[in-house]
Amino acid sequence: MHHHHHHSGNRQTKLFRIIAATVLTAALALLPDITVLPLGGIAKGLIYYIIIYIIIGYDILHEAIEGIFHKEVFDENFLMVVATIGAFSLALYEGSGDYTEAIAVMLFYQVGEYFESYAVGKSRRDISSMMDIRPDYANIQAADGNLERVSPDDVEIGQTIIVQPGEKVPIDGVIVSGQSSINTVALTGESLPREVHDGDEIISGSINMTGVLHIRTTKDFGESTVSKILELVEDSASHKSQSEQFITRFARIYTPVVCYAALALAVLPPLLQWLLATPTLSTLTLTLFTPWIYRALIFLVISCPCALVVSIPLSFFAGIGGASRSGILVKGANIIEALAKVKTIVLDKTGTLTLGVFEVTAMHDGDDADKNDEAEQQKLIEIATLAECASLHPISKSLRRAYGKAVDHSRVSDIQEHSGKGITAVVDGRQVAVGNERLMTSIGIEACHCQSAGTIVHIAEEGNYLGHIVLGDIEKPNSVAAIKALHDVGVRKTIILTGDSKKVADHVAAHLGIDHVYSELLPADKVLRVEELLAAQPKDERLAFVGDGINDAPVLTRADVGIAMGGLGSDAAIEAADAVLMDDDPLKIAKAIRISRNTLNIVWQNIIMALGIKAVCLILGAFGIANMWLAVFADVGVLIIAVLNAIRAMWKR
C-alpha cells in the first residue's frame, strides 16, 4: 500500500530536491517576465515548471506508474499525480500560466514524506541505540597465546572466550575465571552494575566494565539472549494490531471510493447544470466543467489517506520502542492493543513475586517453641545440611548457605532420597531423617505441627524428634508496590496461582494485597484455572498471566497476554510469552499497561483528528470554498501533526 524507503541516504537526497525545487519555484515567481528566458514564451514558461515538477516528484510518478502496472492503481501516489497533472492542465487551459499550485501540492507532499521518513528513522534509531547490543566480535586465545578476534557465529558451545573491560559479552556462558562489574542497562533498562565472578552465568549483551573475564560458552550465538532479543524486536513490527489491519482494509476501500467520488464531482454537477439550462451541444463546453474539475482535484488532494496509513503503524512502532527503552520487550502491535485492555492479572508466586531463594527464618523444638540455644541451633542445621549434601534442591542450597562452612562428605553415608518426602542418611554413624511431615509419619515418628508460614524441614535422629527448621521464600523488593500499581492502573482482579502450600500462599497474598489465591497446583491445574477465568471474563477485557520459567510456558501461551520474567535469559519463557520483562521487576507490569494505553490513545487521537479534518475540508472542497492550499494542509499538514503526535508514544514516563 505505502511503499516507503527510510534510508538516511534517500532522506538527504529528498531534502536536497525539496530545497532545489523551492529555490527554483521562488526564482520563477519573482521573474517580472518569464518570456525573457529561452522557451519562456511557450505557454508562459510551462517547460521550466515541468522540469521543477520532475525534480520534486519523479519518485511519486514512478511509483504511481508502477502501481498501475501491478494493478494496484488506487494509492496516494496515484492521487497526487492525478491532482498535480490536473492542476497543470487547468492552468494551461485557462492560459493563466499559474503552475505554482501544481508544484506546491507535490512540494508539500514531499515535505510531509520527509517528516514521516525522519520520524520512522528516529524511532528506529532510538530502538537500535537502546538495543545496541549486537556484538561485532568474540576474542579467543590463538595458538601463539595472543587474542584473536573472530565472528561470534564461529564460536562453538564449550569454547572459552575472553571479554576485556569495555567490551560486550558476545555469547551466553559461565565465567571460568575473573571477576568484574557488568552493565546490563541495554537489556534491562537497569543502570545499576552487577558484580559477577567464577561460576556465575553471564548473558550476551551485557557490557564488561572492570576486570577481564574468561567465559565458557553455553549456547550458539544464534541461540544467545542477544540474538533472541534482536529477533523479537525486529519481528515485532510484523505483528499487526487490529487498528492497523482496519486502516489497511479501510484504505483499500476508501481510496477507490474517493477517486470515483472525485470523478462524479467533476462530471455530474456541470452536466446537471447544462441539462437544467437550455441543453444544446454548443453550450456543452469545457468552460462549464473547469471549476468542477478544480474542485475534484482539491477533493483528491484532501482525501489522500497518508496521515492514517503512516501514523498508525508509526504510533505502535514508537510504543514498542518506548517499552524496549524501559526493558520491556513487546512482541508486536497486537500485544500492545491486548495489554491496554487487561483487567485481570494472574501471577505465579515463586520467581515472579518472590525471589525463589529460601532463607532460614526460624528453628523450633518439639513443642513448636523457638530454639534459643545456639549449640542446639547449630546441631539442627548441621544434621540437616549433611543429610541434604548430595541434593540439588533449592532447600538444600539454602541449608548449606545457613550452615556457612564447607561440608565434610566423609561424615555422611547411606543417603536415600524418598521422593516427595525427604532424605534418610547415616551422619557420624547415627541414623537421621530430614524432610516433611509425611517422611516422619512413614518412619513412625510424631512430628510437631508447625504454625509458622513457610517450608518446614523436620529433623529426627536415632528415632528421636529433634525439632524443625522454617524456610521462607524472600519477597522481591518491589512486589508490594507492583500490586498497588496494578490496582492503580485499573486492573480489577489480581490472582496468585502457585504450587506452594496453602499456608505459605495465603500469607504472601495477604501481605501483598492480592485479591484471590489458588495454591497447591500442578502446572496442568494452572492451565485449567486460567481457562476458567478466561471463560468468565467480559468480551472486551483481557487476562494477562505473569510467570518466570519452563513450568509456566503452557499458561503463558494460553492467556490473552503472556508476560515472562526474562530471568535474564530464561529461554522457554521468552519463547512462549507475548511480552518479556528483562529485569524481572514486577513493577514493570503496570508500566507495560500504561505504555500500551498511552500508545492506543495516541492511535485514536490520530484516527479522529485525521478523519475529522479531512471530512470538514472535503465538504468545503466539494462546495468550492476550499482552495488547493487548504487541500495541501488537509493532507500534508495533518500528516505532519499525526506523525509528531505518534512519536510521543516513545516517551511514557
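Residue numbers run from 1 in the order of the sequence given. Quick caveat: nothing in here was measured; it's all calculated off a predicted structure.
The two residues I161 and A138 come nearest to each other via the heavy atoms CG2-CB, 4.3 Å. The two residues A29 and Y49 make their nearest non-hydrogen contact at N-OH, 4.4 Å. Pairing each heavy atom of S326 with each of I595, the nearest pair is OG-CD1, 4.2 Å. Taking every heavy atom of both residues into account, R17 and I56 meet most closely at NH2-O, 2.8 Å. The heavy-atom pair separating L600 from A340 by the smallest distance is CD2-CB, 3.7 Å. For the pair D560 and D578, the tightest heavy-atom approach, listed with the atom from each and the gap, is O-OD2, 3.7 Å.
In this structure, D583 CG and L581 CG are separated by 7.0 Å, a value rounded to the nearest 0.5 Å. Atoms CD1 and CZ, on I602 and R597 in that order, are 14.5 Å from each other to the nearest 0.5 Å.
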Could you go through the side chain to side chain contact (heavy atoms under 4.5 Å, CB included) check for N208 and Q164 one step at a time? CA-CA 7 Å; N208 180 18; Q164 295 180 303; 5.5 Å; no
Side chain to side chain contact (heavy atoms under 4.5 Å, CB included) for R149 and N139? Distances and angles first, verdict last. CA-CA 5 Å; R149 284 189 174 185; N139 298 319; 3.5 Å; yes
In sequence, state the C-alpha distance, the side-chain angles, and the governing distance for L339 and I563, and then conclude on side chain to side chain contact (heavy atoms under 4.5 Å, CB included). CA-CA 10 Å; L339 265 171; I563 301 173; 4.1 Å; yes
Stepwise side chain to side chain contact (heavy atoms under 4.5 Å, CB included) check, I328 with K591: CA-CA 9 Å; I328 304 163; K591 185 161 195 176; 4.1 Å; yes
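Checked against salt bridge (charged side-chain N to carboxylate O under 4.0 Å, His left out), D220 has no partners two or more places apart in sequence or in another chain. Partners of Y58 according to the side chain to side chain donor-acceptor pair (under 3.5 Å) rule, which considers only residues two or more places apart in sequence or in another chain, do not exist here. In terms of the side-chain contact (heavy atoms from CB on, under 4.5 Å) criterion, residue partners of A634 (sequence neighbours excluded) are, by chain and number, I302, C617. When the side chain to side chain donor-acceptor pair (under 3.5 Å) test is applied to Y53, the partners found at least two apart in sequence or on another chain are T84. Residues passing the salt bridge (charged side-chain N to carboxylate O under 4.0 Å, His left out) test with R542, sequence neighbours excluded: none. Legend: residues meeting side chain to side chain donor-acceptor pair (under 3.5 Å) with T25, ordered by chain and number and at least two apart, are absent. Scanning for ring-ring contact (aromatic ring centres under 6.0 Å, His included) contacts around F108 gives an empty result, with sequence neighbours left out. Residues passing the side chain to side chain donor-acceptor pair (under 3.5 Å) test with E148, sequence neighbours excluded: none. With sequence neighbours left out, the ring-ring contact (aromatic ring centres under 6.0 Å, His included) criterion links Y294 to no other residue.
Counting heavy atoms from C-beta on, the side chains of M609 and V638 come closer than 4.5 Å. When side chains are defined from C-beta on, D154 does not count as touching F221, because their heavy atoms never get closer than 4.5 Å. Two residues are said to be in side-chain contact when any heavy atoms from C-beta on lie closer than 4.5 Å; I52 and Y99 fail this criterion.
Applying the ring-ring contact (aromatic ring centres under 6.0 Å, His included) test to residues at least two apart or on different chains, none of the pairs has a partner in residues 592-612. Pairs passing the ring-ring contact (aromatic ring centres under 6.0 Å, His included) check and including a residue from residues 255-275, sequence neighbours excluded, read F74-Y260.
A donor-acceptor pair shorter than 3.5 Å can be found between the side chains of N645 and Q605. Between the side chains of T283 and T280, at least one donor N or O lies within less than 3.5 Å of an accepting N or O. A donor-acceptor contact under 3.5 angstrom links the side chains of Q110 and D59, judged on distance only.
Salt bridge status for K219 with D172: present, with a side-chain N to carboxylate O gap under 4.0 Å.
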N/O donor to acceptor pairs below 3.5 angstrom from side-chain atoms of residues 314-321, sequence neighbours left out:
from, atom 1, to, atom 2, distance (Å)
S315, OG, S311, O, 2.7

